[in-house]
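Have a look at the structure below before the remarks.
Count residues from 1 along the sequence. Only this structure's heavy atoms are used, side chains among them; waters, hydrogens and symmetry mates stay out.
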Amino acid sequence: MCTREHYEKLFADYPDLVRIQQFRTMLGGVTEATALKILEQGRIKFYFIRRRHLIPKVCVIDYLMGIDYSSQEVNLLSQAPGKRRRPGTGCLYQINDHLWEGKYSPRNAHGKRVSRNVYAKTREACEKKLMVLIGQMDQEILAQKARMREQTE
């Protein structure tokens, strides 16, 4: 295992905050998916600013030396989760103190938006119901598309 001084010399040309491409080369040319997985697992502290991952160089060196931040309680450098969810995961709203609404509105096989809602008393329960709803709706849309293909053939 190399020492901290070795890594500091090796990465002297890199800025203090590296982007994802530089991070990948520092790790030896890993794929972007692998680099993002390392960040999402919390193994390296990072900033997420304006849709860009900015990773402190010292945290990359810590990772290469075997220091894993995912087991630590405090994550000082990572940003709080954003208000936007990823595409295809629906929306969650808190209606009042004791009611949450989950909404999913994909396009069906004909290209029209179809919306369905679920309700629950807690965020976690609503999240679970929403994931079940998304799975059901996606299966329905796939079945519609299959039927449309069969009709055209």
Val30: side-chain contact (heavy atoms from CB on, under 4.5 Å) partners, not counting sequence neighbours:
Arg24, Leu27, Thr34, Ala35
Rounded to the nearest 0.5 angstrom, the CD1-CG distance for Ile55 and Leu39 is 5.0 Å
In chain order, what residues pass the side-chain contact (heavy atoms from CB on, under 4.5 Å) check against Thr152, with sequence neighbours excluded?
none
Quick one: side-chain contact (heavy atoms from CB on, under 4.5 Å) partners of Asp97, sequence neighbours excluded?
none
Does Tyr104 reach the side chain of Asp138, with side-chain heavy atoms less than 4.5 Å apart?
yes
Pairs meeting criterion ring-ring contact (aromatic ring centres under 6.0 Å, His included) with involvement of residues 12-35, two or more places apart:
Phe11-Tyr14
Under 4.5 Å between any side-chain heavy atoms of Arg19 and Leu54, yes or no?
yes
State which residues pass side-chain contact (heavy atoms from CB on, under 4.5 Å) with Leu142; sequence neighbours excluded, sorted by chain then number.
none
Short side-chain to backbone donor-acceptor contact, Lys129 and Tyr119, under 3.5 Å
yes
Compute whether any side-chain donor of one residue and acceptor of the other, for Asn117 and Tyr93, lie under 3.5 angstrom apart.
no
Examine Met65 and Val60 and state if one hydrophobic cluster contains both, with Ile, Leu, Val, Met, Phe, Trp and Tyr joined whenever side-chain heavy atoms are less than 4.5 Å apart.
yes
With side-chain contact (heavy atoms from CB on, under 4.5 Å) as the test, pick out the partner of Lys57 among Glu8, Met26, Gln22.
Met26
Cluster check Leu133, Leu99: I/L/V/M/F/W/Y, side chain < 4.5 angstrom
no
So, Gln41 versus Arg43: side-chain donor-acceptor pair below 3.5 Å or not?
yes
Can you list every side-chain hydrogen bond (donor to acceptor under 3.5 Å, both in side chains) pair that touches residues 140-149, not counting sequence neighbours?
Arg116-Glu140
Which heavy atom of Trp100 sits nearest a heavy atom of Thr122, and at what distance?
CD1-C, 3.6 Å
Any donor-acceptor pair under 3.5 Å from Gln139 side chain to Gln136 backbone:
no
